[in-house]
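Reading through the structure tokens given below for one structure.
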Amino acid sequence: MKGMKNIIFLYAGFVLNHAFDILFSEKSAFERVLDWALNIEDSKGIFIACNPETELSVKKVLDRTSCDKAVIVSLPKWNTSTLLKEMAVRADSEHVDFVVYASADKPFLDLELTKEVIDCHTKYLAEYTFTDGYPSGFSPEVISSGTLNIMHSLSTGKSLAAGESCVSNDSLFNVLKGDINAFEIETVIAPKDYRMLRLDFSCSSKANAIACKKLYDAALEKGITFAAKPLSDVASESAEVQHTVPAFYNVQISENCSSEAIYNPYISFFAKKNGKKPLVNENASPNNMRLEQFRCIVNDISEFSETAIVDLSGFSDPLTHPDFADFVKAVLEKKGLSVLIETDGNLVTLVLAKKISEIAKEAGCRINDMPSVMWIVNVDAVSEQKYAEIHKREGLRSAQEAVKILENFFPGCVYPQMLRMNTNEDELESFYRFYHDKESPSHGNLIIQKYDHYCGLLSEEKPADLSPIKRCPCWHLKRDMFILPDGSVPLCREYILDNVTGNVFADGIENIWKKTVSLVNEHIQENYSEKCGACDEYYTFNF
């Protein structure tokens with residue numbers, strides 16, 4: 001409808017961000033967003049949500065560009081509820097029909113796609129309109145002014161958890177989901193579904209900023225327009241855009257396992273090479289990673305990736321390491337890193353859980369919007385008999401007790417896991433029903449893990465084929481790095497101890513990581529090595 005007025009509301013209340021880095025032909029992502037906002041028709045103003053950390057940077061850009069149409073809205077801290085409240089207040093004060101909302105770190109906001117979203121919103125008298133199918137970062141969300149007040153009420157009531165959460169790409173929709181049938185929602189669908197790329201074209205992290213920069217350079221080189229469809233096509237064909245920095249580091253700090261799980265190929269692989277099994281009772285003097293070595297790795301991870309999840313497990317149980325707590329502390333000293341711990345629970349004690357909890361509290365909140373510490377407990381069964389068959393020893397009660405102990409200290413961050421295979425398929429439903437219950441020891445959290453035959457190294461015990469119809473490039477090659485106790489890095493986890501691409505202590509993480517981009521490109525071209533061709537893990541991902 002002609003004559004309908006709007007305001008643009010830009011969110012710049014982020015903590016860690018590269019929105020003001022000069023990455024795009026002497027412009028920052030924020031400057032490109034401002035250019036986009038200034039060209040939206042029928043707008044009565046631009047409002048920019050800032051915090052004390054970003055306000056000065058925003059003011060500098062506004063002064064440099066002589067932009068007098070923007071108003072800064074500064075608060076010490078933002079969450080989804082305060083964002084909705086401020087948008088509602090500004091929309092009411094300006095007497096506009098709707099708000100065009102976007103994060104201020106998205107350098108590729110498409111003006112033509114924005115017009116399409118606005119036209120759809122006004123044509124169908126929608127309350128909320130968004131795009132679907134494109135990678136994140138190409139279009140805004142449009143919300144009717146009256147709907148903002150309703151959404152704010154939801155964010156303080158029925159959708160309280162969503163309202164109290166940090167502002168993210170999904171914040172507004174997560175509030176709507178609290179009463180989704182009450183709203184008129186319209187969607188502009190992309191001509192092709194790019195969601196499987198799982199790309200976020202914002203400058204919200206180092207990884208995303210690199211992807212944006214690589215995409216910008218590729219677009220200039222190819223001479224294409226900065227529109228959503230051609231940019232998405234370029235991104236889908238570019239290994240450099242998809243392979244930025246690791247988001248997940250699996251660092252095996254201990255050589256030993258506490259059980260001989262039948263789905264773990266490392267034990268037999270290690271025994272063939274070393275003449276003994278890597279078990280606590282058979283490998284009395286393990287060559288574990290030293291703490292000073294690990295600190296070097298953590299420093300390298302923090303510098304290279306900036307934000308990441310560090311799993312201390314690998315193929316072993318990290319709790320077998322005598323200095324385990326110090327390793328957790330070393331990770332949490334870096335504000336951009338979180339810890340993941342996978343264990344069978346046999347060595348979990350009240351004293352240990354309390355100690356790790358105290359370390360996490362002292363370290364404080366993460367700037368990667370993730371919990372400080374997360375736990376996966378390999379329960380794998382409902383009956384003791386089945387557990388013993390899988391782990392070759394008794395221990396189900398210890399695993400179950402570990403879930404209870406850990407949940408008390410790390411609420412919402414403990415996941416009992418069943419690795420699904422033919423051996424325990426008959427207990428899958430019972431496992432799911434028990435742990436999915438909100439009254440269970442994990443309060444509803446659980447993981448059903450897919451079986452991995454390690455490219456044929458183990459027998460095929462997968463009870464169901466979950467692979468996609470069309471193969472996609474491997475997520476693990478694009479996002480993960482696996483590091484063994486001696487610092488060596490196999491090409492991927494599937495090689496166990498073989499096909500080492502380098503050693504982090506001698507070569508550094510960045511140099512090793514660069515070696516895998518060519519393999520990602522081969523996957524994009526649908527060209528797979530014998531090992532990759534036999535792999536069934538390419539469509540799974542960690543974080």
Side-chain angles (χ1 to χ4, degrees), residues 206-207 210 239-240 243-257 265-266 269-276 278 283 285-318 320-324 326-334 336-340 342 454 474 476-522 529 531-532 542-543:
K206 181 177 180 180
I210 291 173
E240 286 75 17
H243 181 272
T244 55
V245 293
F248 181 76
Y249 292 84
N250 203 327
V251 185
Q252 184 173 329
I253 64 172
S254 173
E255 202 173 62
N256 279 348
C257 302
Y266 165 75
F269 220 79
F270 183 95
K272 288 179 183 178
K273 286 199 167 191
N274 299 281
K276 58 182 177 180
N283 189 16
S285 301
N287 293 315
N288 290 334
M289 186 179 289
R290 300 194 308 275
L291 182 59
E292 58 268 28
Q293 293 177 313
F294 182 70
R295 288 188 183 280
C296 292
I297 293 176
V298 170
N299 289 337
D300 211 358
I301 289 173
S302 180
E303 184 175 341
F304 184 51
S305 288
E306 197 173 82
T307 58
I309 307 296
V310 181
D311 185 344
L312 302 180
S313 313
F315 290 111
S316 69
D317 192 320
T320 63
H321 198 297
D323 301 320
F324 166 69
D326 292 327
F327 280 75
V328 174
K329 185 176 182 180
V331 176
L332 296 185
E333 286 172 353
K334 305 296 184 181
L337 305 182
S338 296
V339 175
L340 176 64
E342 299 181 58
Y454 289 86
C474 178
H476 302 288
L477 287 176
K478 292 194 289 185
R479 299 177 63 84
D480 300 356
M481 179 176 284
F482 191 87
I483 303 172
L484 293 166
D486 65 353
S488 59
V489 180
L491 183 61
C492 77
R493 180 185 170 97
E494 298 297 299
Y495 284 96
I496 320 296
L497 304 175
D498 290 342
N499 201 6
V500 171
T501 57
N503 188 289
V504 290
F505 304 127
D507 307 312
I509 285 173
E510 183 173 359
N511 290 329
I512 295 172
W513 182 246
K514 288 177 179 178
K515 295 179 181 180
T516 55
V517 67
S518 60
L519 194 55
V520 174
N521 187 57
E522 289 179 14
S529 66
K531 189 80 169 179
C532 290
N542 293 298
F543 291 91

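Basis for what follows: all heavy atoms, side chains included, without hydrogens, waters or symmetry-related copies. Since we're looking at a predicted model, the values are computed, not measured.
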[X] and [Y]: which non-hydrogen atoms are nearest, and at how many Å?
X: Glu342; Y: Asp317; answer: O-OD1, 4.3 Å
X: Ile496; Y: Pro490; answer: O-CG, 3.5 Å
X: Leu477; Y: Leu491; answer: CD2-O, 4.2 Å
X: Phe324; Y: Leu312; answer: CE1-CD1, 4.0 Å

For residues [X] and [Y], determine if any side-chain heavy atom of one lies less than 4.5 Å from a side-chain heavy atom of the other.
X: Pro485; Y: Asn288; result: no
X: His476; Y: Phe482; result: no
X: Tyr249; Y: Ile309; result: no

Legend entry - Salt bridge flag under 4.0 Å for residues Lys273 and Asp498: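 Salt bridge flag = yes for Asp498 with Lys273.
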
Legend entry - Over 12 foreign heavy atoms within 6.0 Å of NZ, Lys329: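 No.
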
Legend entry - Partner residues of Ser302 under the side-chain contact (heavy atoms from CB on, under 4.5 Å) criterion, sequence neighbours left out: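 Counting only residues at least two positions away or on another chain, Ser302 forms a side-chain contact (heavy atoms from CB on, under 4.5 Å) with Lys334, Leu337.
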
Inset, instruction - Examine the side chains of Asp311 and Ser313 and answer whether a donor and an acceptor come within less than 3.5 Å of each other. - result: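 Indeed, the side chains of Asp311 and Ser313 share at least one donor-acceptor pair under 3.5 Å.
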
Inset, instruction - Would you please say whether a donor-acceptor pair under 3.5 Å links the side chains of Asp480 and Asn250? - result: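 There is no such pair (donor and acceptor under 3.5 Å, judged by atom type) between the side chains of Asp480 and Asn250.
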
Legend entry - Nearest-0.5 Å distance that lies between atom CD in Glu522 and atom OG in Ser529: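 Taking CD in Glu522 and OG in Ser529, the distance rounds to 7.5 Å.
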
Legend entry - Value rounded to 0.5 Å, distance of CD1 in Ile301 from OG1 in Thr307: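 Output value for this atom pair is 11.5 Å.
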
Using atom types as modelled and distance alone, determine if a side-chain donor or acceptor of [X] lies under 3.5 Å from a backbone N or O of [Y].
X: Tyr266; Y: Leu497; value: no
X: Lys206; Y: Val245; value: no
X: Arg479; Y: Phe543; value: yes
X: Asn256; Y: Asn283; value: yes
X: Asn503; Y: Phe505; value: yes

Legend entry - side chain to side chain contact (heavy atoms under 4.5 Å, CB included) between Met481 and Ile512, worked out: CA-CA 9 Å; Met481 179 176 284; Ile512 295 172; 4.1 Å; yes

Inset, instruction - Kindly state whether the ring of Phe269 and the ring of Tyr495 have centres lying under 6.0 angstrom apart. - result: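 Between Phe269 and Tyr495, the centre distance exceeds or equals 6.0 Å.
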
Legend entry - Ring-face cation of Arg493 near Tyr454 (centre distance under 6.0 Å, axis angle within 45°):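 Judged by the rule (NZ or CZ under 6.0 Å from the ring centre, within 45° of its axis), Arg493 is not positioned above Tyr454.
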
